[in-house]
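What follows is a set of notes on a single structure, which appears directly below.
Since we're looking at a predicted model, the values are computed, not measured. As the structure lists them, so they are numbered: ligands from 1, and atoms in each ligand from 1. Both backbone and side-chain heavy atoms feed into the values below; hydrogens, waters and symmetry mates do not.
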Amino acid sequence: MGGGPRTFPGGLSKWQHKRMHEKLARGKERGLLRHEKQLYLARLRSEIRASHLPGAPASPADHAGPTSSRAHIRALADRFLRPGAEDLWNDDDGPLRRARLPLHQQQQPARSLPSGARMVDWKQVESGEKLKPPRGGGDWKDWEELDSVEPTAGRGAGNEPRLPAAFNQRRGYGTAAPWWWQWSPGSGTPSQRKEASFGFFGPKRCYSVMPPCSPCRESGAALMPLVARQLAEAGDGRKATPLALFYTQERLYSVAATRRFGQKWRPDSSDEDEEVMPAADLRLAKFMASREDESEDDEPGETSAIRRKWSTAALRNCDMKRDRRPLKSYEEESDDDITGRIQELREEIRNREVLGAERRRYESRGESVFTNKRFDECGISPLTVKALTDAGYIQTTVVQEAALPVCLEGKDVLVKAKTGTGKSVAFLLPAIESVLNAMKSHTNHRVSPIFALVLCPTRELAVQVTAEANVLVKYHHGVGVQSLIGGTRFKLDQRRLESDPCQILVATPGRLMDHIENRSSFSVRLMGLKLLVLDEADHLLDLGFRKDIEKIADSLPRQRQTLLFSATVPKEVRRVSQMVLNKDHVFVDTVGLGAVETPTKVQQQYLVVPHELHFHMVHRLLREHIDQEVDYKVIVFCTTAMVTEFMYIMLRDLKLNVREIHSRKPQLYRTRISEEFRDSNRLILVTSDVSTRGVNYPDVTLVIQAGVPPGREHYIHRLGRTGREGKSGKGILLIAPWEEYFLKEIHDLPIQKAPVPQIDQEMKQKVDDSIKIVDMSIKEAAYHAWLGYYNSIADISRDKVMLADLASRFGVSIGMEKPPTLFRKTALKMGLKGVPGIRIRK
Ligand SMILES: Nc1ncnc2c1ncn2[C@@H]1O[C@H](COP(=O)(O)OP(=O)(O)OP(=O)(O)O)[C@@H](O)[C@H]1O
């Protein structure tokens, strides 16, 4: 498996080629976002300009209406000012410059309303009432200092900026306060000029207008451009940071304006110096650390360049991709489809109301994950309800109650819900409904389309979702569910797909890509797709998978519903999600901004222990837990596959009832062990990242994470293997003193430092003896994997000398007197060549 061409057009190597595409994709995303922001600000400018042109209506209300661009601005404002949208503003929006402040303003406490600031009442603006000048406004010179946004040369007689210069759309816009925020040509005094009319943002909203310097003192929101922050001032007269404002709003809300402005945006070259994570690091981390993402690597997924041509031939003009719509100019956009957008806004408001009510109901119920709503009230097929009842599912969980109505409406949805709260059922039910509807209207009996596709990041998860789907379609004869995962024989998959019914397909991205690229008949079947689900969406949209997902999405019909589910939705992924979601997608967040993302009934502790004693400590903790819990069921997460193997052999030798799953094991073995662990108790599973996400092992009593996880999301998902369905559980994070930096990443979670248990001499000796029996080749591989893993963590790899020293100490702790050698090439790639303590193979 694997393979593919070694050189690509232009003489590029495989990695250069891949890297080039990753870079282009990143640039594209940034460009799209920047364009949206420019559009938003340009709209605001033109609105202000229009209101001050001769003959303009006296009141903003006069030219409001269904054809007004005001609705469009409001939609854009919602996009950039909605809860959680702070991440859409970044350094690219320009440094927030501190204007010179009058002394009296400099002395003001940070939280008080700046002297020049005041709240603009929408009603006042709507009625056309003249805005009153701010009291004690700052020095106009201070405003003028913001010359990067105010066109100094282009001033008219009334000292107002001349429009052509002012409306240069190519100009950087986000630097401190844009001039349009400050300028009102009708006003005669500088302070009056500061009053822009914001009536067009819609009724019942009040926004503050303040000197541009004031928010600079708000350190918490320092990166958010002034525009956003000023708009985020709550209307109750309080000065609130955007975050504070967001807390006051409903946590369930819809997002209505993403990907509205054309599909294609070519970034300019200035974007390209920004790197999220060096691709080389990512690859190296994969290569050395043997994490699950690599379990997909062994699939033949690297042959895309030579197989790219499949689609044109396979699709036979069924759903041929047309050239993407060229980017429209701002002027064109303003008149485009205004009525449609108003409709969207109405929908969005309605969604907010519905979801808000659901959220209130949820909060009033306390901590239970179950609701009072039954499945038979959800508008799903009675046969599905019957299957659910058979499986013991009567009442919906919180995420099911919140997500089902929106998903069943056919909308694109991004759903965030805590681990173990029943997300799989929440997306499988709409998938089944979608299949049933599609089957009713399907008339072409020569092709049997795949109507629903569920993508999962790991094979275990795909197997589990397939099993769950099979339970739910039990009474729907003729509806078939199949899985496509790596590690199985491609030909067998193919035959199975052709012979057995398959309306719902559950797949891992790598193997799916192989089928898409190699089997044109398979691609044709996908052309009937109605619903795409990304389970563990944030992981699938992460850099490791993103390219594959992009390609898969490109080979699916555009007219489809897309559902994204995850327990964690980092900011970056939120933004990237528009790659697969349509502009009207709804965000259902059953966790809520600022709420704890981990199950509340899971007790979380961390232990700081020297790395040399980690294996001893894991043994000690396991023994203690086994003594306390009769029906114990424990998962021990290790940093890499090889360290997992080492830990497993050691614990097995210590006579613990232990099993192992990691990416180095054959798939059949992994599946067997996974099933055994699911159905048993009094068992310990030692595993790597393959079991981090989604896998449902009921009644796990303890999760131990030995060594620092790669990131916050990993910590949350690993911990989420316990405390499922609202049950209680315990999680222990075992870190070395030099790994304590990670605690910053999870500071908001209820994790507490635990006292370090004593390890007596006898126990230590036993563990040391077990370490000795482990084969040297496994120890060497564990050392290499360990080095690769920590070298991929920026916080640690910065100091290579320290890293090499820590690796040597790890080597000693697993019974190696001196560290094993590295290949010169590997050392070079890892930046470890010539570092003291790193031995190079001769
Ligand atoms: N309505 C329900 N009633 C009873 N049990 C349910 C219900 N919905 C789901 N479950 C059970 O809850 C458990 C957790 O479900 P699931 O694995 O879908 O959680 P999840 O939210 O996807 O977790 P993760 O974030 O870890 O992927 C499963 O055992 C599932 O069978």
Side-chain angles (χ1 to χ4, degrees), residues 292 362 365 368-378 380 384-404 407 414-432 454-472 474 506 533-540 563-569 588-591 597-599 601-602 633 635 637 674-675 677-679 687 689-700 703 713-727 729 731:
E292 167 50 23
Y362 169 44
R365 250 194 332 269
S368 169
V369 295
F370 294 101
T371 69
N372 291 329
K373 191 167 183 180
R374 296 190 316 270
F375 282 108
D376 56 1
E377 300 166 331
C378 291
I380 53 175
T384 316
V385 176
K386 197 173 167 203
L388 282 163
T389 313
D390 286 0
Y393 302 173
I394 312 293
Q395 285 166 299
T396 57
T397 63
V398 174
V399 60
Q400 289 155 7
E401 188 192 40
L404 273 175
C407 295
L414 168 61
V415 180
K416 181 178 171 189
K418 288 187 187 182
T419 51
T421 53
K423 289 190 284 295
S424 316
V425 172
F427 63 69
L428 283 173
L429 292 179
I432 294 169
V454 181
L455 289 177
C456 303
T458 65
R459 300 167 186 179
E460 278 74 14
L461 185 53
V463 170
Q464 179 184 301
V465 170
T466 312
E468 188 128 26
N470 271 315
V471 168
L472 301 183
K474 188 168 141 189
V506 185
V533 179
L534 266 58
D535 192 11
E536 306 299 340
D538 59 332
H539 192 33
L540 288 176
L563 309 178
L564 267 53
F565 279 73
S566 186
T568 48
V569 183
V588 175
D589 180 0
T590 62
V591 180
E597 288 174 281
T598 46
K601 288 189 188 162
V602 176
K633 191 164 176 177
I635 303 183
F637 281 102
S674 182
E675 276 164 15
F677 189 67
R678 184 170 292 125
D679 299 336
T687 187
D689 261 352
V690 292
S691 311
T692 292
R693 283 167 174 269
V695 203
N696 182 45
Y697 297 123
D699 305 319
V700 171
V703 167
E713 281 73 35
H714 284 74
Y715 173 82
I716 293 173
H717 283 275
R718 287 174 172 186
L719 183 81
R721 297 316 99 203
T722 183
R724 298 178 74 77
E725 300 170 54
K727 292 178 187 160

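- For atom 6 (C) of ligand 1, the nearest protein heavy atom (residue, atom name, distance) is Tyr393 CE2, 3.7 Å.
- Residue Thr396 has no N or O atom closer than 3.5 Å to an N or O atom of ligand 1.
- In this structure, the side chain of Glu597 does not engage the main chain of Ile716 through any donor-acceptor pair within 3.5 Å.
- At a heavy-atom distance under 4.0 Å, atoms from both the backbone and the side chain of Lys423 approach ligand 1.
- Tested against Lys416 for a side-chain contact (heavy atoms from CB on, under 4.5 Å), the candidates Asp538, Thr568, Val569 yield a single pass: Val569.
- In this structure, atom 11 (C) of ligand 1 lies nearest to the protein heavy atom Glu725 CD, 3.8 Å.
- In the vicinity of Arg724, heavy-atom distances shorter than 4.0 Å reach the ligand 1 atoms 14 (C), 16 (P), 17 (O), 19 (O), 20 (P), 23 (O), 24 (P), 26 (O).
- Nearest to atom 15 (O) of ligand 1 by heavy-atom distance, out of Ala391, Gly422, Pro698, is Gly422.
- The closest side-chain heavy-atom distance from Val425 to Phe375 is below 4.5 Å.
- Ligand 1 is approached by Phe375 to a heavy-atom distance shorter than 4.0 Å.
- The contact set between ligand 1 and Gly694, taken as ligand atoms under 4.0 Å from a residue heavy atom, comprises 24 (P), 26 (O), 27 (O).
- Taking 4.5 Å as the limit, every side-chain heavy atom of Leu472 sits out of range of all side-chain heavy atoms of Lys474.
- A donor and an acceptor atom, one from each side chain of Asn696 and Arg724, are located under 3.5 Å apart.
- For ligand 1, the atoms lying closer than 4.0 Å to a non-hydrogen atom of Ser424 are 16 (P), 17 (O), 18 (O), 22 (O).
- Shortest non-hydrogen contact noted between Thr396 and Cys378 is CG2-SG, 3.7 Å.
- Among protein heavy atoms, the minimum distance from atom 29 (O) of ligand 1 is reached at Asn696 ND2, 2.7 Å.
- A donor-acceptor contact closer than 3.5 angstrom is absent between the side chains of Thr397 and Thr421.
- From Cys456, atom SG reaches atom CG of Leu540 across 7.5 Å, with rounding to the nearest 0.5 Å.
- Under 4.0 Å is where a charged nitrogen must lie from a carboxylate oxygen, and between Asp535 and Lys423 no such pair does.
- Defined by atom type and a distance below 3.5 Å, a donor-acceptor pair is missing between the side-chain atoms of Thr722 and Tyr697.
- Applying the 4.0 Å criterion to heavy atoms of Glu536 picks out, from ligand 1, the atoms 27 (O).
- No part of Arg693 comes within 4.0 Å of ligand 1, judged by heavy-atom distances.
- The closest side-chain heavy-atom distance from Lys418 to Thr590 is not below 4.5 Å.
- Among all protein heavy atoms, the one lying closest to atom 8 (N) of ligand 1 is Gln400 NE2, 2.8 Å.
- For ligand 1, the atoms closer than 4.0 angstrom to any heavy atom of Lys418 are 21 (O).
- At the shortest separation from atom 3 (N) of ligand 1 among protein heavy atoms lies Phe370 CE2, 3.2 Å.
- Within ligand 1, counting atoms from 1 as listed, the ones closer than 4.0 Å to a heavy atom of Gln395 are 1 (N), 2 (C), 3 (N).
- Counting heavy atoms under 4.0 Å from ligand 1, residue Thr421 touches it through both backbone and side chain.
- Put simply, part of Gly420 is less than 4.0 Å from ligand 1, judged by heavy atoms.
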